[in-house]
Amino acid sequence: MSATIGSASSSAHKEMVCHCQLPVRICTSKTKEHPGKKFRVCPNSLKPGKKCKYWEWDEEPVQQSLDAEIEAIKEDVSDLKKEVLELKKKKRGHRVHISCNLL
C-alpha cells in the first residue's frame, strides 16, 4: 500500500504498530531540512478527531547500510594488513649486495 500524505509519501509497515495498534506507515520526508529521510507515523495522525502521537525517524535502513559499510571497511583493512605482512616478508628475503672495485 502506498500513498502521498502532505509533504511525504508513505507505505504500510506491518511489523510495527502505533499506540492505536494500527500498522505504522513509513513515510519519506520531502522537506528542505530532511529530504528523503524516512519516518514512521500512525495512519490516523492526519484524521480529524483521531490524533495518535506516534511518530519517529526510521533509522533502521541507515544503520543497516552503515553496518554493512563498516564490515566492508574492516575486510579491506584486514586484507591490507595481510598484504603489508607479505611485502615485509619479501623485503627480508631480498637483500641487495653491492660491491665496488676501486681501480
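Quick note: residue numbers are just sequence positions, from 1. On a predicted model such as this, the values are computed, not experimentally measured, just so you know.
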Val17 to Val24 - nearest heavy-atom pair and separation |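 Scanning both residues completely, I find the closest heavy atoms to be C-CG1, 3.6 Å.
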Exercise: identify the closest heavy-atom pair between Thr31 and His34 |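 Reported closest heavy-atom pair: OG1-N, 3.1 Å.
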State plainly whether one hydrophobic cluster holds both Trp57 and Val41, where clusters connect Ile, Leu, Val, Met, Phe, Trp and Tyr through side-chain heavy atoms under 4.5 angstrom apart.
->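 Yes.
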Among Cys18, Cys42, Pro43, whose side-chain contact (heavy atoms from CB on, under 4.5 Å) with Arg25 holds?
->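 Considering Cys18, Cys42, Pro43, a side-chain contact (heavy atoms from CB on, under 4.5 Å) with Arg25 is found only for Pro43.
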For Val77, what are the other residues in its hydrophobic cluster, where any two members join if their side-chain heavy atoms are less than 4.5 angstrom apart?
->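 Listed partners: Ile73.
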Could you state the interatomic distance from CZ (Arg40) to SG (Cys27), rounded to the nearest 0.5 Å?
->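 So the CZ of Arg40 and the SG of Cys27 are separated by 11.5 Å.
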